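See below for the structure under consideration.
Note that the structure is predicted; figures quoted are calculated from it, not measured. Basis for what follows: all heavy atoms, side chains included, without hydrogens, waters or symmetry-related copies. A, B, ... follow the sequence lines: proteins, then strands. Residue 1 opens every chain.
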Amino acid sequence: MLHIKCPHCGLRSQNEFSYGGDATVKRPELGKEISDQDWDNFVYNRKSLRGKHWELWQHLSGCRQWIKVQRDTATHEIFKTLKANEEIS
Amino acid sequence: MQKYSVFSLVKNALSNHENWDLAWKDPTPKKEYDVVIIGGGGHGLATAYYLAKEHNITNVAIIEKGWIGGGNVGRNTTIIRSNYMHDDNALFSEFGMDLWRRMSQDLNYNVMFSPRGIINLAHSDAQMNTYARRGNSMRLNGIDAVLLNREEVREIIPMADFSENVRFPIFGGLMQPSAGTARHDAVAWGYARQADDMGVDIIQNCEVIGFDVSAGKINGVRTSRGDIKAKKIGLCVAGSTNILAEKLNMTLPIETHLLQACVSEPVKPVLDKVVTFGAGHFYISQSDKGEMVMGGDLDGYNSYAQRGNLPTLQHVLTEGIAMMPFLSKLKMLRTWGGIMDMSMDGSPIIDKTHIEGLYLNCGWCYGGFKATPASGWTFAHTIAQNRVHELNAGYSLNRFNTGHLLDEKGLGTKTWIS
(Lines give C-alpha, C1' and ligand atoms only; values in the text may rest on other atoms or scores of the structure.)
Protein backbone atom coordinates (compact mmCIF):
# COMPACT_ATOMS: atom_id res chain seq x y z
CA MET A 1 0.00 0.00 0.00
CA LEU A 2 1.38 3.39 -0.99
CA HIS A 3 1.03 6.27 1.41
CA ILE A 4 0.87 9.57 -0.43
CA LYS A 5 1.26 12.91 1.29
CA CYS A 6 -1.38 15.12 -0.27
CA PRO A 7 -0.08 18.73 -0.09
CA HIS A 8 -3.60 19.80 0.90
CA CYS A 9 -4.72 17.02 3.27
CA GLY A 10 -1.62 15.25 4.58
CA LEU A 11 -0.66 11.59 4.54
CA ARG A 12 -3.39 9.35 3.08
CA SER A 13 -3.54 5.81 1.75
CA GLN A 14 -3.34 4.96 -1.92
CA ASN A 15 -6.99 3.91 -1.98
CA GLU A 16 -8.04 7.56 -1.92
CA PHE A 17 -6.07 8.45 -5.04
CA SER A 18 -6.26 7.75 -8.72
CA TYR A 19 -3.31 7.84 -11.08
CA GLY A 20 -2.81 10.34 -13.87
CA GLY A 21 0.47 9.42 -15.53
CA ASP A 22 3.73 11.23 -16.30
CA ALA A 23 3.68 14.76 -14.86
CA THR A 24 6.49 16.08 -17.05
CA VAL A 25 4.50 15.84 -20.28
CA LYS A 26 3.54 19.29 -21.49
CA ARG A 27 0.72 19.96 -23.91
CA PRO A 28 2.02 21.82 -26.98
CA GLU A 29 0.92 25.42 -26.96
CA LEU A 30 -2.38 26.14 -28.62
CA GLY A 31 -2.27 28.37 -31.66
CA LYS A 32 1.35 27.55 -32.34
CA GLU A 33 2.35 25.47 -35.35
CA ILE A 34 3.58 22.08 -34.16
CA SER A 35 4.89 19.01 -35.92
CA ASP A 36 3.21 15.59 -35.90
CA GLN A 37 6.16 14.41 -33.84
CA ASP A 38 5.48 17.02 -31.13
CA TRP A 39 1.86 15.90 -30.95
CA ASP A 40 2.92 12.23 -30.88
CA ASN A 41 5.28 12.90 -28.02
CA PHE A 42 2.50 14.60 -26.09
CA VAL A 43 -0.19 11.99 -26.70
CA TYR A 44 1.65 8.68 -26.90
CA ASN A 45 5.39 8.59 -26.28
CA ARG A 46 6.61 8.14 -22.72
CA LYS A 47 10.00 7.52 -21.14
CA SER A 48 8.56 5.41 -18.30
CA LEU A 49 11.91 4.57 -16.77
CA ARG A 50 13.00 2.63 -13.74
CA GLY A 51 13.75 4.95 -10.82
CA LYS A 52 12.55 8.45 -9.90
CA HIS A 53 9.40 9.44 -11.75
CA TRP A 54 7.30 12.61 -11.52
CA GLU A 55 3.67 11.72 -11.92
CA LEU A 56 0.18 13.09 -11.48
CA TRP A 57 -2.28 11.73 -8.97
CA GLN A 58 -5.75 12.93 -8.12
CA HIS A 59 -6.93 12.86 -4.53
CA LEU A 60 -10.23 11.51 -5.79
CA SER A 61 -11.75 10.41 -2.50
CA GLY A 62 -10.37 13.37 -0.61
CA CYS A 63 -9.96 16.99 -1.70
CA ARG A 64 -10.26 15.98 -5.39
CA GLN A 65 -7.20 18.08 -6.24
CA TRP A 66 -4.62 16.96 -8.78
CA ILE A 67 -1.14 16.74 -7.30
CA LYS A 68 2.38 15.94 -8.45
CA VAL A 69 4.25 13.06 -6.83
CA GLN A 70 7.87 12.02 -7.21
CA ARG A 71 8.03 8.25 -6.72
CA ASP A 72 10.58 5.53 -7.40
CA THR A 73 9.01 3.12 -9.90
CA ALA A 74 11.04 0.17 -8.61
CA THR A 75 10.87 0.65 -4.82
CA HIS A 76 7.69 2.82 -4.65
CA GLU A 77 9.49 5.20 -2.29
CA ILE A 78 7.85 8.62 -2.44
CA PHE A 79 10.31 11.50 -2.26
CA LYS A 80 8.24 14.61 -2.73
CA THR A 81 4.73 15.84 -3.44
CA LEU A 82 3.69 19.16 -4.92
CA LYS A 83 0.49 21.02 -5.64
CA ALA A 84 -0.54 20.88 -9.29
CA ASN A 85 0.49 24.47 -9.95
CA GLU A 86 3.91 24.14 -8.35
CA GLU A 87 6.77 23.70 -10.79
CA ILE A 88 8.98 20.61 -10.61
CA SER A 89 12.42 21.88 -9.63
CA MET B 1 19.96 -34.35 -29.14
CA GLN B 2 18.27 -37.05 -27.17
CA LYS B 3 14.65 -37.38 -28.29
CA TYR B 4 12.16 -37.40 -25.46
CA SER B 5 9.89 -40.43 -25.74
CA VAL B 6 8.55 -43.27 -23.66
CA PHE B 7 11.56 -45.32 -24.76
CA SER B 8 14.12 -42.73 -23.65
CA LEU B 9 12.22 -42.44 -20.39
CA VAL B 10 12.44 -46.19 -19.76
CA LYS B 11 16.07 -46.33 -20.85
CA ASN B 12 17.04 -43.51 -18.49
CA ALA B 13 14.98 -44.94 -15.67
CA LEU B 14 17.23 -48.00 -15.81
CA SER B 15 20.25 -45.79 -15.13
CA ASN B 16 18.55 -43.84 -12.34
CA HIS B 17 18.02 -40.81 -14.62
CA GLU B 18 21.69 -39.89 -14.25
CA ASN B 19 22.51 -39.85 -17.96
CA TRP B 20 20.05 -37.38 -19.45
CA ASP B 21 21.65 -34.85 -21.79
CA LEU B 22 21.61 -31.22 -20.71
CA ALA B 23 18.56 -29.56 -22.27
CA TRP B 24 20.71 -26.64 -23.47
CA LYS B 25 24.35 -25.64 -23.22
CA ASP B 26 25.95 -22.74 -21.39
CA PRO B 27 28.20 -21.22 -24.06
CA THR B 28 30.64 -18.34 -23.78
CA PRO B 29 29.56 -15.53 -26.09
CA LYS B 30 31.36 -15.38 -29.43
CA LYS B 31 32.66 -12.07 -30.82
CA GLU B 32 30.12 -11.94 -33.61
CA TYR B 33 26.77 -13.39 -34.64
CA ASP B 34 24.48 -12.95 -37.62
CA VAL B 35 21.58 -12.14 -35.32
CA VAL B 36 21.46 -11.29 -31.63
CA ILE B 37 18.14 -11.57 -29.81
CA ILE B 38 17.97 -9.62 -26.57
CA GLY B 39 15.69 -11.27 -24.05
CA GLY B 40 15.50 -14.97 -23.22
CA GLY B 41 11.80 -15.11 -22.54
CA GLY B 42 9.17 -16.97 -24.50
CA HIS B 43 9.17 -14.54 -27.40
CA GLY B 44 12.96 -14.32 -27.66
CA LEU B 45 13.42 -18.08 -27.51
CA ALA B 46 10.63 -18.63 -30.04
CA THR B 47 12.17 -16.03 -32.35
CA ALA B 48 15.53 -17.80 -32.27
CA TYR B 49 13.84 -21.15 -32.86
CA TYR B 50 11.93 -19.91 -35.93
CA LEU B 51 15.01 -18.07 -37.26
CA ALA B 52 16.79 -21.42 -37.28
CA LYS B 53 13.87 -23.58 -38.35
CA GLU B 54 12.12 -21.40 -40.94
CA HIS B 55 14.97 -19.24 -42.21
CA ASN B 56 18.01 -21.43 -41.69
CA ILE B 57 19.78 -18.71 -39.71
CA THR B 58 21.58 -20.53 -36.91
CA ASN B 59 24.46 -18.22 -36.08
CA VAL B 60 22.25 -16.61 -33.47
CA ALA B 61 22.70 -15.63 -29.83
CA ILE B 62 20.01 -15.03 -27.25
CA ILE B 63 21.31 -12.82 -24.48
CA GLU B 64 19.43 -12.73 -21.23
CA LYS B 65 20.12 -10.62 -18.15
CA GLY B 66 18.82 -13.24 -15.72
CA TRP B 67 17.86 -16.79 -16.56
CA ILE B 68 15.69 -17.92 -19.45
CA GLY B 69 12.00 -18.05 -18.72
CA GLY B 70 12.39 -16.00 -15.53
CA GLY B 71 10.29 -13.06 -16.68
CA ASN B 72 6.73 -12.92 -17.84
CA VAL B 73 6.70 -16.34 -19.52
CA GLY B 74 7.07 -17.72 -16.00
CA ARG B 75 4.63 -15.26 -14.41
CA ASN B 76 1.47 -15.34 -16.49
CA THR B 77 -1.87 -17.09 -16.09
CA THR B 78 -1.18 -19.37 -19.11
CA ILE B 79 -4.29 -18.43 -21.10
CA ILE B 80 -4.25 -19.04 -24.85
CA ARG B 81 -7.00 -17.59 -27.04
CA SER B 82 -7.74 -15.79 -30.28
CA ASN B 83 -11.11 -14.22 -29.44
CA TYR B 84 -10.35 -10.86 -31.04
CA MET B 85 -12.62 -8.72 -33.14
CA HIS B 86 -10.18 -6.75 -35.28
CA ASP B 87 -8.73 -8.58 -38.28
CA ASP B 88 -5.10 -7.84 -37.45
CA ASN B 89 -5.41 -9.29 -33.95
CA ALA B 90 -7.68 -12.17 -34.97
CA LEU B 91 -5.59 -13.46 -37.87
CA PHE B 92 -2.34 -13.11 -35.94
CA SER B 93 -3.71 -14.94 -32.90
CA GLU B 94 -5.44 -17.65 -34.90
CA PHE B 95 -2.18 -18.31 -36.76
CA GLY B 96 -0.70 -18.73 -33.30
CA MET B 97 -3.46 -21.17 -32.31
CA ASP B 98 -2.34 -23.48 -35.13
CA LEU B 99 1.21 -23.34 -33.81
CA TRP B 100 -0.02 -24.07 -30.29
CA ARG B 101 -1.92 -27.16 -31.45
CA ARG B 102 1.26 -28.63 -32.96
CA MET B 103 3.73 -27.31 -30.41
CA SER B 104 4.29 -30.38 -28.26
CA GLN B 105 5.08 -32.45 -31.38
CA ASP B 106 7.14 -29.72 -33.06
CA LEU B 107 9.27 -29.16 -29.98
CA ASN B 108 9.33 -32.77 -28.76
CA TYR B 109 8.40 -31.27 -25.42
CA ASN B 110 5.08 -31.65 -23.65
CA VAL B 111 3.73 -28.13 -23.26
CA MET B 112 0.47 -29.56 -21.89
CA PHE B 113 -1.68 -27.54 -24.28
CA SER B 114 -5.20 -27.89 -22.97
CA PRO B 115 -7.86 -26.44 -25.32
CA ARG B 116 -10.55 -26.34 -22.67
CA GLY B 117 -12.39 -23.26 -23.93
CA ILE B 118 -12.77 -19.73 -22.64
CA ILE B 119 -16.01 -18.02 -21.67
CA ASN B 120 -16.31 -14.24 -21.45
CA LEU B 121 -19.34 -13.55 -19.27
CA ALA B 122 -21.87 -10.86 -20.20
CA HIS B 123 -23.84 -8.97 -17.57
CA SER B 124 -26.21 -6.84 -19.63
CA ASP B 125 -28.17 -6.91 -22.89
CA ALA B 126 -25.77 -4.38 -24.35
CA GLN B 127 -22.83 -6.61 -23.55
CA MET B 128 -24.56 -9.59 -25.17
CA ASN B 129 -24.94 -7.48 -28.33
CA THR B 130 -21.25 -6.56 -28.23
CA TYR B 131 -20.31 -10.21 -27.81
CA ALA B 132 -22.57 -11.24 -30.68
CA ARG B 133 -20.75 -8.73 -32.86
CA ARG B 134 -17.33 -9.93 -31.71
CA GLY B 135 -18.34 -13.57 -32.13
CA ASN B 136 -19.53 -12.90 -35.69
CA SER B 137 -16.28 -11.11 -36.50
CA MET B 138 -14.34 -14.06 -35.13
CA ARG B 139 -16.31 -16.57 -37.20
CA LEU B 140 -15.76 -14.50 -40.34
CA ASN B 141 -12.06 -14.91 -39.65
CA GLY B 142 -12.41 -18.67 -39.21
CA ILE B 143 -12.25 -18.66 -35.41
CA ASP B 144 -14.75 -20.70 -33.44
CA ALA B 145 -17.15 -18.65 -31.35
CA VAL B 146 -20.38 -19.62 -29.61
CA LEU B 147 -22.81 -17.18 -28.03
CA LEU B 148 -24.27 -18.75 -24.90
CA ASN B 149 -27.43 -17.70 -23.10
CA ARG B 150 -27.80 -17.68 -19.33
CA GLU B 151 -29.01 -21.28 -19.11
CA GLU B 152 -26.25 -22.56 -21.37
CA VAL B 153 -23.65 -20.82 -19.24
CA ARG B 154 -25.23 -22.24 -16.10
CA GLU B 155 -24.86 -25.77 -17.46
CA ILE B 156 -21.15 -25.29 -18.08
CA ILE B 157 -20.20 -23.34 -14.95
CA PRO B 158 -22.90 -24.03 -12.34
CA MET B 159 -20.61 -22.80 -9.57
CA ALA B 160 -20.94 -19.20 -10.77
CA ASP B 161 -23.44 -16.93 -9.03
CA PHE B 162 -26.78 -17.33 -10.84
CA SER B 163 -28.93 -15.97 -8.03
CA GLU B 164 -31.42 -13.26 -8.97
CA ASN B 165 -30.43 -10.57 -6.57
CA VAL B 166 -26.87 -9.74 -7.61
CA ARG B 167 -25.28 -6.54 -8.82
CA PHE B 168 -23.98 -8.09 -12.06
CA PRO B 169 -26.31 -10.94 -13.09
CA ILE B 170 -25.02 -13.32 -15.74
CA PHE B 171 -26.92 -12.72 -19.00
CA GLY B 172 -24.83 -15.14 -21.03
CA GLY B 173 -21.39 -15.30 -22.51
CA LEU B 174 -19.17 -15.64 -25.54
CA MET B 175 -17.22 -18.89 -25.70
CA GLN B 176 -14.23 -19.78 -27.82
CA PRO B 177 -14.17 -23.59 -27.42
CA SER B 178 -10.68 -23.98 -28.93
CA ALA B 179 -9.01 -21.57 -26.48
CA GLY B 180 -7.27 -22.95 -23.41
CA THR B 181 -4.12 -23.06 -21.38
CA ALA B 182 -0.59 -24.53 -21.55
CA ARG B 183 2.28 -25.20 -19.21
CA HIS B 184 4.08 -21.86 -19.45
CA ASP B 185 7.60 -22.88 -18.35
CA ALA B 186 7.57 -25.84 -20.73
CA VAL B 187 7.01 -23.43 -23.62
CA ALA B 188 10.20 -21.54 -22.77
CA TRP B 189 12.19 -24.72 -22.11
CA GLY B 190 10.90 -26.48 -25.23
CA TYR B 191 11.87 -23.57 -27.51
CA ALA B 192 15.22 -23.21 -25.74
CA ARG B 193 16.09 -26.87 -26.12
CA GLN B 194 15.28 -26.99 -29.83
CA ALA B 195 16.95 -23.65 -30.60
CA ASP B 196 20.08 -24.78 -28.76
CA ASP B 197 20.07 -28.02 -30.72
CA MET B 198 19.98 -26.11 -34.01
CA GLY B 199 23.04 -24.08 -33.02
CA VAL B 200 21.64 -21.05 -31.21
CA ASP B 201 23.78 -19.83 -28.30
CA ILE B 202 21.68 -19.20 -25.19
CA ILE B 203 23.73 -16.81 -23.07
CA GLN B 204 22.35 -16.20 -19.61
CA ASN B 205 23.49 -13.76 -16.91
CA CYS B 206 24.45 -11.36 -19.66
CA GLU B 207 23.13 -7.83 -19.29
CA VAL B 208 22.94 -5.32 -22.11
CA ILE B 209 24.88 -2.19 -21.18
CA GLY B 210 24.66 -0.31 -24.46
CA PHE B 211 24.48 -0.44 -28.21
CA ASP B 212 26.95 0.24 -30.97
CA VAL B 213 25.10 2.38 -33.49
CA SER B 214 26.81 4.40 -36.22
CA ALA B 215 25.44 6.18 -39.29
CA GLY B 216 21.95 4.92 -38.53
CA LYS B 217 23.03 1.28 -38.50
CA ILE B 218 23.36 -1.16 -35.65
CA ASN B 219 26.76 -2.84 -35.37
CA GLY B 220 26.55 -4.65 -32.11
CA VAL B 221 25.72 -4.65 -28.46
CA ARG B 222 27.83 -4.02 -25.35
CA THR B 223 27.13 -6.50 -22.60
CA SER B 224 28.34 -7.39 -19.13
CA ARG B 225 30.13 -10.33 -20.77
CA GLY B 226 31.87 -8.31 -23.48
CA ASP B 227 31.04 -6.68 -26.79
CA ILE B 228 29.12 -8.74 -29.33
CA LYS B 229 28.96 -7.71 -32.96
CA ALA B 230 25.85 -8.29 -35.04
CA LYS B 231 24.32 -6.70 -38.13
CA LYS B 232 20.85 -7.56 -36.88
CA ILE B 233 19.57 -7.22 -33.35
CA GLY B 234 16.07 -8.03 -32.13
CA LEU B 235 14.67 -6.54 -28.93
CA CYS B 236 12.35 -8.99 -27.16
CA VAL B 237 12.31 -7.60 -23.65
CA ALA B 238 8.70 -6.70 -22.94
CA GLY B 239 8.60 -5.17 -19.47
CA SER B 240 12.04 -3.64 -19.85
CA THR B 241 11.65 -2.21 -23.35
CA ASN B 242 11.72 1.37 -22.11
CA ILE B 243 15.06 0.80 -20.35
CA LEU B 244 16.72 -0.43 -23.55
CA ALA B 245 14.93 2.16 -25.68
CA GLU B 246 16.50 4.87 -23.53
CA LYS B 247 19.95 3.48 -24.35
CA LEU B 248 19.00 3.83 -28.04
CA ASN B 249 17.62 7.37 -27.58
CA MET B 250 14.18 6.16 -28.54
CA THR B 251 10.97 7.11 -26.80
CA LEU B 252 8.19 4.62 -27.36
CA PRO B 253 4.39 4.65 -27.00
CA ILE B 254 4.75 2.35 -24.01
CA GLU B 255 4.47 2.62 -20.26
CA THR B 256 5.77 -0.04 -17.92
CA HIS B 257 3.15 -1.31 -15.52
CA LEU B 258 2.74 -4.10 -13.03
CA LEU B 259 0.22 -6.92 -13.40
CA GLN B 260 -0.49 -9.33 -10.58
CA ALA B 261 -1.71 -12.88 -10.55
CA CYS B 262 -2.37 -15.37 -7.79
CA VAL B 263 -3.28 -18.97 -7.09
CA SER B 264 -5.41 -20.46 -4.35
CA GLU B 265 -4.69 -23.61 -2.42
CA PRO B 266 -5.32 -26.70 -4.59
CA VAL B 267 -8.86 -28.07 -4.55
CA LYS B 268 -10.64 -30.90 -6.35
CA PRO B 269 -11.60 -30.31 -10.01
CA VAL B 270 -14.37 -27.75 -10.12
CA LEU B 271 -13.74 -25.57 -13.19
CA ASP B 272 -12.82 -27.00 -16.60
CA LYS B 273 -12.95 -23.72 -18.53
CA VAL B 274 -11.20 -20.38 -18.49
CA VAL B 275 -13.79 -17.81 -17.37
CA THR B 276 -13.61 -14.03 -17.43
CA PHE B 277 -15.85 -11.61 -15.53
CA GLY B 278 -17.49 -9.15 -17.91
CA ALA B 279 -18.28 -6.34 -15.49
CA GLY B 280 -14.68 -5.74 -14.46
CA HIS B 281 -11.36 -7.34 -15.15
CA PHE B 282 -10.96 -10.79 -13.64
CA TYR B 283 -10.09 -14.15 -15.15
CA ILE B 284 -9.86 -17.60 -13.65
CA SER B 285 -8.97 -21.16 -14.55
CA GLN B 286 -8.02 -24.25 -12.60
CA SER B 287 -4.54 -25.70 -12.98
CA ASP B 288 -3.83 -29.41 -13.30
CA LYS B 289 -2.64 -29.29 -9.69
CA GLY B 290 -6.05 -28.01 -8.62
CA GLU B 291 -5.08 -24.43 -7.81
CA MET B 292 -7.46 -21.71 -8.95
CA VAL B 293 -5.31 -19.41 -11.14
CA MET B 294 -6.56 -15.83 -11.07
CA GLY B 295 -5.63 -12.42 -12.36
CA GLY B 296 -7.09 -9.08 -13.33
CA ASP B 297 -6.19 -5.43 -13.39
CA LEU B 298 -2.89 -3.62 -13.49
CA ASP B 299 -1.75 -2.00 -10.27
CA GLY B 300 -2.44 1.18 -12.20
CA TYR B 301 0.73 3.24 -11.93
CA ASN B 302 4.11 2.91 -13.66
CA SER B 303 6.08 0.19 -11.92
CA TYR B 304 9.16 -1.97 -12.27
CA ALA B 305 8.64 -3.59 -8.88
CA GLN B 306 7.81 -7.16 -10.02
CA ARG B 307 5.68 -7.45 -6.92
CA GLY B 308 2.23 -6.13 -6.36
CA ASN B 309 0.27 -4.02 -3.96
CA LEU B 310 -2.65 -5.35 -1.95
CA PRO B 311 -5.38 -2.81 -2.86
CA THR B 312 -5.40 -4.04 -6.48
CA LEU B 313 -5.40 -7.67 -5.43
CA GLN B 314 -8.34 -7.00 -3.13
CA HIS B 315 -10.20 -5.20 -5.91
CA VAL B 316 -9.60 -8.04 -8.38
CA LEU B 317 -10.60 -10.78 -5.97
CA THR B 318 -13.75 -8.90 -5.00
CA GLU B 319 -14.79 -9.27 -8.63
CA GLY B 320 -13.88 -12.95 -8.49
CA ILE B 321 -16.03 -13.54 -5.44
CA ALA B 322 -18.92 -11.65 -7.04
CA MET B 323 -18.68 -14.04 -9.97
CA MET B 324 -17.98 -17.27 -8.07
CA PRO B 325 -18.83 -16.91 -4.37
CA PHE B 326 -17.17 -20.20 -3.38
CA LEU B 327 -13.77 -18.55 -3.95
CA SER B 328 -14.19 -16.69 -0.65
CA LYS B 329 -13.68 -20.00 1.18
CA LEU B 330 -10.30 -20.66 -0.40
CA LYS B 331 -6.96 -19.74 1.08
CA MET B 332 -4.47 -17.84 -1.03
CA LEU B 333 -1.41 -19.91 -1.79
CA ARG B 334 0.77 -17.50 -3.72
CA THR B 335 0.68 -14.10 -5.37
CA TRP B 336 3.20 -12.57 -7.73
CA GLY B 337 3.64 -9.78 -10.24
CA GLY B 338 5.25 -9.19 -13.58
CA ILE B 339 6.08 -5.97 -15.39
CA MET B 340 4.26 -5.31 -18.66
CA ASP B 341 4.84 -3.14 -21.66
CA MET B 342 1.51 -1.35 -21.83
CA SER B 343 1.19 0.12 -25.30
CA MET B 344 -1.06 3.12 -25.80
CA ASP B 345 -3.70 1.25 -27.83
CA GLY B 346 -3.46 -2.10 -26.05
CA SER B 347 -1.89 -3.89 -29.03
CA PRO B 348 1.72 -5.00 -29.50
CA ILE B 349 4.49 -3.74 -31.77
CA ILE B 350 6.51 -6.07 -34.02
CA ASP B 351 8.37 -3.93 -36.50
CA LYS B 352 11.59 -2.56 -37.91
CA THR B 353 12.90 0.68 -36.45
CA HIS B 354 14.54 3.83 -37.82
CA ILE B 355 17.90 2.20 -36.98
CA GLU B 356 18.90 -0.22 -39.73
CA GLY B 357 19.26 -3.74 -38.38
CA LEU B 358 17.38 -3.03 -35.16
CA TYR B 359 14.04 -4.79 -34.77
CA LEU B 360 11.45 -4.23 -32.10
CA ASN B 361 9.08 -6.71 -30.44
CA CYS B 362 7.25 -5.16 -27.50
CA GLY B 363 4.02 -3.77 -26.10
CA TRP B 364 2.35 -7.06 -25.24
CA CYS B 365 0.12 -5.66 -22.50
CA TYR B 366 -1.96 -8.44 -20.91
CA GLY B 367 -1.62 -10.89 -23.80
CA GLY B 368 2.01 -11.83 -24.26
CA PHE B 369 1.95 -15.50 -23.34
CA LYS B 370 -0.64 -16.68 -25.83
CA ALA B 371 1.17 -14.78 -28.58
CA THR B 372 4.51 -16.53 -27.94
CA PRO B 373 4.61 -18.78 -31.06
CA ALA B 374 3.04 -16.28 -33.47
CA SER B 375 5.22 -13.48 -32.13
CA GLY B 376 8.38 -15.57 -32.52
CA TRP B 377 7.36 -16.70 -35.99
CA THR B 378 6.55 -13.24 -37.33
CA PHE B 379 9.48 -11.57 -35.59
CA ALA B 380 11.85 -14.15 -37.05
CA HIS B 381 10.36 -13.41 -40.48
CA THR B 382 10.72 -9.66 -39.97
CA ILE B 383 14.38 -10.04 -38.96
CA ALA B 384 15.35 -12.62 -41.57
CA GLN B 385 13.63 -10.93 -44.54
CA ASN B 386 14.10 -7.38 -43.26
CA ARG B 387 10.39 -6.74 -43.89
CA VAL B 388 7.27 -7.33 -41.88
CA HIS B 389 5.02 -10.28 -42.64
CA GLU B 390 1.37 -9.54 -43.47
CA LEU B 391 0.45 -11.11 -40.12
CA ASN B 392 2.31 -8.44 -38.16
CA ALA B 393 1.84 -5.55 -40.60
CA GLY B 394 -0.82 -4.09 -38.30
CA TYR B 395 1.59 -4.13 -35.35
CA SER B 396 3.65 -1.28 -36.77
CA LEU B 397 5.48 1.24 -34.63
CA ASN B 398 4.33 4.24 -36.65
CA ARG B 399 0.61 3.47 -36.34
CA PHE B 400 0.44 5.93 -33.47
CA ASN B 401 1.74 8.58 -35.83
CA THR B 402 -0.49 7.69 -38.77
CA GLY B 403 -3.60 7.09 -36.71
CA HIS B 404 -4.03 3.41 -37.59
CA LEU B 405 -4.50 2.40 -33.98
CA LEU B 406 -5.45 -1.17 -33.15
CA ASP B 407 -7.72 -0.46 -30.24
CA GLU B 408 -9.37 -3.77 -29.50
CA LYS B 409 -10.68 -2.43 -26.21
CA GLY B 410 -9.33 1.07 -26.40
CA LEU B 411 -7.68 0.81 -23.01
CA GLY B 412 -3.91 0.85 -23.33
CA THR B 413 -2.31 2.16 -20.19
CA LYS B 414 -5.48 3.91 -19.05
CA THR B 415 -7.06 1.13 -17.08
CA TRP B 416 -9.47 3.42 -15.32
CA ILE B 417 -11.33 3.97 -18.60
CA SER B 418 -12.93 0.55 -18.20
Side-chain angles (χ1 to χ4, degrees), chain A residues 1-6 11-26 28 34-62 64 66-81 88, chain B residues 65 237 239-258 297-315 337 339-347 349 354 362-363 397-403 405 407 412-417:
Chain A
M1 173 87 76
L2 302 181
H3 290 100
I4 300 171
K5 191 181 162 198
C6 172
L11 200 65
R12 300 296 179 93
S13 86
Q14 167 194 344
N15 291 345
E16 297 186 12
F17 295 83
S18 80
Y19 184 64
D22 193 331
T24 62
V25 176
K26 286 246 181 340
I34 58 158
S35 67
D36 284 356
Q37 191 57 47
D38 291 338
W39 189 246
D40 251 19
N41 289 341
F42 167 63
V43 180
Y44 296 119
N45 294 334
R46 297 289 180 270
K47 285 277 180 199
S48 188
L49 292 175
R50 186 186 176 95
K52 285 185 180 177
H53 187 242
W54 274 106
E55 55 203 18
L56 294 167
W57 290 75
Q58 188 187 11
H59 196 183
L60 198 65
S61 308
R64 301 189 64 83
W66 284 92
I67 61 169
K68 292 172 182 167
V69 177
Q70 190 188 34
R71 180 180 60 92
D72 188 303
T73 57
T75 65
H76 296 330
E77 185 182 349
I78 291 171
F79 304 101
K80 222 174 184 183
T81 52
I88 296 164
Chain B
K65 180 182 173 188
V237 291
S240 302
T241 305
N242 284 312
I243 294 176
L244 290 192
E246 151 110 306
K247 296 182 198 299
L248 288 155
N249 290 322
M250 290 168 75
T251 311
L252 297 172
I254 287 173
E255 280 184 8
T256 309
H257 282 255
L258 185 112
D297 271 324
L298 299 175
D299 270 23
Y301 40 87
N302 298 37
S303 176
Y304 282 89
Q306 285 194 311
R307 64 188 154 74
N309 244 335
L310 285 174
T312 304
L313 204 57
Q314 184 180 30
H315 167 73
I339 49 175
M340 311 286 125
D341 277 2
M342 297 306 296
S343 70
M344 292 293 166
D345 62 355
S347 296
I349 295 161
H354 70 283
C362 62
L397 177 57
N398 73 353
R399 68 178 185 267
F400 300 92
N401 191 280
T402 61
L405 297 187
D407 50 348
T413 60
K414 313 285 191 293
T415 51
W416 60 87
I417 290 173

Structural part of A:W39 lying under 4.5 Å from a heavy atom of chain B = neither

key: Heavy-atom contact with chain B under 4.5 Å, split by part of A:S18   = neither

As an exercise, state the distance from [atom1] of [X] to [atom2] of [Y], rounded to the nearest 0.5 Å.
X: A:T73; Y: B:E255; atom1: OG1; atom2: CD; result: 11.0 Å
X: A:D72; Y: B:S303; atom1: CG; atom2: OG; result: 9.5 Å
X: B:L252; Y: A:K47; atom1: CG; atom2: NZ; result: 9.0 Å
X: A:N45; Y: B:M250; atom1: CG; atom2: CE; result: 9.5 Å
X: B:Q314; Y: A:M1; atom1: CD; atom2: CE; result: 7.5 Å
X: A:H76; Y: B:L258; atom1: NE2; atom2: CG; result: 6.5 Å

query = Parallel under 30°, tilted from 30 to 60°, perpendicular over 60°: which one fits the rings of A:Y19 and B:Y301?
reply =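 Perpendicular, since the angle between the ring planes exceeds 60°.
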
task = Could you look at B:L405 and say if it's the side chain, the backbone, both or neither that has a heavy atom under 4.5 Å from chain A?
result =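 Answer is side chain: those atoms of B:L405 sit under 4.5 Å from chain A.
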
key: Side chain / backbone / both / neither for B:I243 at chain A, heavy atoms under 4.5 Å   = both

request  = May I ask you to check whether B:N302 and A:S48 show a side-chain donor-acceptor distance below 3.5 Å?
outcome  = yes

query = Do you know which of B:I339, B:T241, B:T251 has the most heavy-atom pairs under 4.5 Å to chain A?
reply =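 Among B:I339, B:T241, B:T251, the one with the most close pairs to chain A is B:T251.
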
